[in-house]
Asks: 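I have a structure here, written as structure tokens, and I will follow up with some questions on it.
Position 1 is the first residue of the sequence; numbering continues from there.
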Amino acid sequence: MPFDPTDAQDVYKDAGKNVLFTTLTINKSNPDEDREKVAELVSREQAILRSMNIRYPEEHLKVSFGFANSAWDYLFADYKKPQELEDFQPVKGPKYTSPATPADLFIHIRANSEAVVYEVASQIRNYYRDFTTVQDETKGFRYFEGRAIIGFVDGTENPEVQKASAYAIIGDEDPDFENGSYAFAQKYIHNMDAWNALKTEDQEKAIGRKKYSDLELEDDEKLENAHNVASQDNDDGIEHKIVRMNVPFSNPSEGTTGTYFIGYARHWSVTKRMLENMFGQSDRLLDFSNPVTGNMFFIPSLTTLDQIVEDELPVK
């Protein structure tokens with residue numbers, strides 16, 4: 001195998017039952033000092049994860065920590081950079097735009113217990129609160145039967161668990177950053193009143209699958225811009241996959257309900273083409289789902305995290 005899944009962060013496993021996404025920007029006062037603070041944050045985060053997994057193995061705690069291109073350029077200007085790491089640019093379609101929003105650091109925590117998620121997040125915060133600003137924090141949950149909040153089974157198009165790591169983890173094409181991953185995070189707010197006003201048959205045509213059985217519709221039954229058509233990447237006649245985790249969130253009293261999309265990929269170019277197809281073809285789901293954030297991150301391997309802690313990243 002050209003990669004080692006045991007050296008990867010938690011980028012190809014289940015979405016979890018209780019989930020917390022945190023996006024941070026670095027206040028950028030002094031790169032040398034901030035690099036030391038980030039090294040301590042990385043070290044402490046890994047220690048917290050190890051401790052909690054020993055104490056609560058039944059909670060299946062998983063954490064991913066990553067850097068946006070802006071953070072990498074600021075913190076590690078003298079070091080090599082992952083080959084596909086770049087600033088995320090807005091993806092503009094004829095009707096809708098996938099926005100780019102501020103981001104430097106990204107933390108994705110999930111576990112069976114909300115208490116474990118809280119404890120990990122609270123402990124990690126002690127090591128970033130003095131030099132960062134929180135841009136977004138979203139708490140998600142597992143919906144009935146693992147369905148998306150719009151009622152359809154989620155993750156059907158994901159690769160099987162046994163094969164998922166090959167789609168999510170960087171291989172020997174970038175040997176300095178092998179076993180890392182590229183993450184794309186996007187927060188959507190749904191117009192649930194408009195979505196729920198559709199007949200089930202019209203919802204199915206929009207998604208491209210049956211709502212209750214999850215069976216895929218025949219091509220002539222789908223809309224041309226059905227979600228499971230528009231969101232694919234079939235570059236060179238081959239269907240390329242990523243590991244998708246769509247997590248519902250809601251503030252019911254405010255009438256705010258949405259989906260936090262996180263996609264982990266071996267190649268950022270695959271996710272990027274999916275976005276270009278989705279927005280370029282005006283995915284029917286976008287008529288009901290408004291993207292409000294957009295960020296791309298590199299998720300280092302455990303080896304690379306150790307190099308960050310020890311200030312031993314490969315130099316240019």
Asks: To the closest 0.5 Å, what do you measure between CG (Asn112) and CZ (Arg142)?
Replies: 10.0 Å
Asks: Any sub-3.5 Å donor-acceptor pair from Ser122's side-chain atoms to Tyr118's backbone N or O?
Replies: no
Asks: Pairing donors with acceptors under 3.5 angstrom, does anything connect the side chains of Thr6 and Asp4?
Replies: yes
Asks: Under the side-chain hydrogen bond (donor to acceptor under 3.5 Å, both in side chains) test against Lys211, which residue among Gln203, Glu201, Glu204 passes?
Replies: Gln203
Asks: Taking Thr257 for its side chain and Ile189 for its backbone only, find out whether a donor-acceptor pair lies under 3.5 Å.
Replies: no
Asks: Going only through I, L, V, M, F, W and Y residues with side-chain contacts under 4.5 Å, is there a path from Leu105 to Val134?
Replies: yes
Asks: Please answer: with hydrophobic residues joined when any side-chain heavy atoms are less than 4.5 Å apart, are Val153 and Ile262 in the same cluster?
Replies: no
Asks: Ignoring hydrogens, what is the shortest heavy-atom contact between Ala206 and Leu223? Give both atom names and the distance.
Replies: CA-CD1, 4.0 Å
Asks: Could you grab the distance from atom CD of Gln307 to atom CG of Asp176, nearest 0.5 Å is fine?
Replies: 8.0 Å
Asks: Is it the case that atom CZ in Arg44 sees more than 12 heavy atoms from other parts of the structure closer than 6.0 Å?
Replies: no
Asks: Please find the pair of heavy atoms, one from Asp104 and one from Ile26, that lie closest to each other, and give the distance.
Replies: OD2-N, 2.8 Å
Asks: Verify the neighbour count for atom NZ of Lys37: are there more than 12 heavy atoms of other residues, nucleotides or ligands below 6.0 Å?
Replies: yes
Asks: Walk me through it: do Lys222 and Glu216 pass the test salt bridge (charged side-chain N to carboxylate O under 4.0 Å, His left out)?
Replies: CA-CA 9 Å; Lys222 304 176 186 178; Glu216 184 169 2; 2.5 Å; yes
Asks: Please determine, by modelled atom types, if Asp7 and Thr303 share a side-chain donor-acceptor pair under 3.5 angstrom.
Replies: yes
Asks: Between the main-chain N or O of Val63 and the side-chain N or O of Asp10, is there a donor-acceptor pair closer than 3.5 Å?
Replies: yes
Asks: Counting distance only, does the side-chain N/O of Glu178 pair as donor-acceptor with the main-chain N or O of Gly171 below 3.5 Å?
Replies: no
Asks: For a 4.5 angstrom cut-off between non-hydrogen side-chain atoms, does Ile169 reach Pro5?
Replies: yes
Asks: Within the structure provided, determine whether Val38 and Phe67 are in side-chain contact (heavy-atom separation under 4.5 Å).
Replies: yes
Asks: With no hydrogens and no angle check, is any side-chain donor or acceptor of Thr132 less than 3.5 Å from a backbone partner on Tyr128?
Replies: yes
Asks: Please tell me if the side chains of Leu41 and Phe65 come closer than 4.5 Å, counting only heavy atoms from C-beta onward.
Replies: yes
Asks: Any salt bridge linking Lys17 with Glu114? Criterion: basic side-chain nitrogen under 4.0 Å from a carboxylate oxygen.
Replies: no
Asks: Quick one: does any side-chain atom of Thr101 pair with a main-chain N or O of Gly294 as donor and acceptor, under 3.5 Å?
Replies: yes
Asks: For Tyr74 and Phe76, what are the C-alpha separation, side-chain angles and deciding distance, and is it a ring pair (Phe, Tyr, Trp, His ring centres under 6.0 Å)?
Replies: CA-CA 6 Å; Tyr74 172 70; Phe76 311 122; 9.4 Å; no
Asks: Could you state the interatomic distance from CG (Asp283) to OG (Ser98), rounded to the nearest 0.5 Å?
Replies: 11.5 Å
Asks: To the nearest 0.5 Å, what is the distance between OG1 (Thr22) and CD (Gln135)?
Replies: 12.0 Å
Asks: Taking 4.0 angstrom as the limit, do Asp202 and Lys199 come out as a salt bridge?
Replies: no
Asks: Report yes if the distance between the aromatic ring centroids of Phe279 and Tyr96 is under 6.0 Å, otherwise no.
Replies: no
Asks: Between Asp154 and Asn246, does a side-chain hydrogen bond (donor to acceptor under 3.5 Å, both in side chains) hold up when you go through it step by step?
Replies: CA-CA 7 Å; Asp154 185 51; Asn246 293 317; 2.7 Å; yes
Asks: Using atom types as modelled and distance alone, determine if a side-chain donor or acceptor of Thr293 lies under 3.5 Å from a backbone N or O of Gln186.
Replies: no
Asks: Can you list, by chain and residue number, the hydrophobic cluster partners of Met192 when the side-chain cut-off is 4.5 Å?
Replies: Phe141, Tyr143, Phe144, Ile149, Ile150, Phe152, Trp195, Leu198, Ile207, Leu285, Phe288
Asks: Near Arg125 CZ, under 6.0 Å, is it more than 12 heavy atoms from other residues, nucleotides or ligands?
Replies: no
Asks: Tell me, do Trp268 and Phe88 make a side-chain contact under 4.5 Å, heavy atoms counted?
Replies: yes
Asks: Hey, is Asp233 close enough to Lys241 for a salt bridge, meaning N to O under 4.0 Å?
Replies: no
Asks: Any side-chain heavy-atom pair from Phe106 and Leu24 closer than 4.5 angstrom?
Replies: no
Asks: Val42 and Leu61: same hydrophobic cluster, using ILVMFWY side-chain contacts below 4.5 Å?
Replies: yes
Asks: Where the side chain of Arg284 meets the backbone of Ala226, is there a donor-acceptor pair that is under 3.5 Å apart?
Replies: no
Asks: Testing the 3.5 Å rule here: is there a donor-acceptor pair between the side chains of Asn53 and Ser51?
Replies: no
Asks: How close do Pro300 and Gly66 get, counting heavy atoms only, and between which atoms?
Replies: CD-CA, 4.2 Å
Asks: In chain order, what residues pass the side chain to side chain donor-acceptor pair (under 3.5 Å) check against Ser253, with sequence neighbours excluded?
Replies: none
Asks: If you group Ile, Leu, Val, Met, Phe, Trp and Tyr by side-chain heavy-atom gaps below 4.5 Å, do Val315 and Phe298 land in one group?
Replies: yes
Asks: Counting only heavy atoms not in Glu218, do more than 12 fall under 6.0 Å of its CD?
Replies: no
Asks: Output yes when Lys205 and Glu224 qualify as a salt bridge under the 4.0 Å nitrogen-oxygen rule, no when they do not.
Replies: no
Asks: Parallel, tilted or perpendicular: which describes the rings of His108 and Tyr264, with under 30° parallel and over 60° perpendicular?
Replies: parallel
Asks: Would you check if the side chain of Asn277 reaches a backbone N or O of Ala230 as a donor-acceptor pair within less than 3.5 Å?
Replies: no
Asks: To the nearest 0.5 angstrom, please state how far the CD atom of Glu276 sits from the NZ atom of Lys92.
Replies: 13.5 Å
Asks: Can you see which heavy atom on Ala168 is nearest to which on Val243, and at what distance?
Replies: CB-CG2, 3.8 Å
Asks: For atom CD of Glu239, decide whether the heavy atoms of other residues, nucleotides or ligands shown that lie under 6.0 angstrom number more than 12.
Replies: yes
Asks: Looking only at heavy atoms, what is the nearest atom pair of Pro82 and Asp174, with distance?
Replies: CA-OD2, 3.6 Å
Asks: What residues, two or more places apart in sequence or in another chain, satisfy side-chain contact (heavy atoms from CB on, under 4.5 Å) together with Lys81?
Replies: Asn69, Trp72, Asp73, Leu85
Asks: Starting at CZ of Phe131, measure out to CG of Asn27 and round the result to the nearest 0.5 Å.
Replies: 8.5 Å
Asks: Are any non-hydrogen side-chain atoms of Asn295 and Thr23 less than 4.5 angstrom apart?
Replies: yes
Asks: Ignoring hydrogens, what is the shortest heavy-atom contact between Arg266 and Ile170? Give both atom names and the distance.
Replies: O-CG1, 3.5 Å
Asks: Using a 4.5 Å cut-off on heavy atoms from C-beta on, say whether the side chain of Arg110 contacts that of Leu20.
Replies: no
Asks: Do Val91 and Thr97 have side-chain heavy atoms sitting under 4.5 Å apart?
Replies: no
Asks: Using modelled atom types and a 3.5 Å cut-off, is there a donor and acceptor pairing between side-chain atoms of Asn179 and backbone atoms of Ser301?
Replies: no
Asks: Which residue in the set Phe249, Phe184, Phe21 passes ring-ring contact (aromatic ring centres under 6.0 Å, His included) when paired with Tyr260?
Replies: Phe21
Asks: Would Ile299 end up clustered with Tyr167 when hydrophobic side chains under 4.5 Å apart are linked, directly or stepwise?
Replies: no
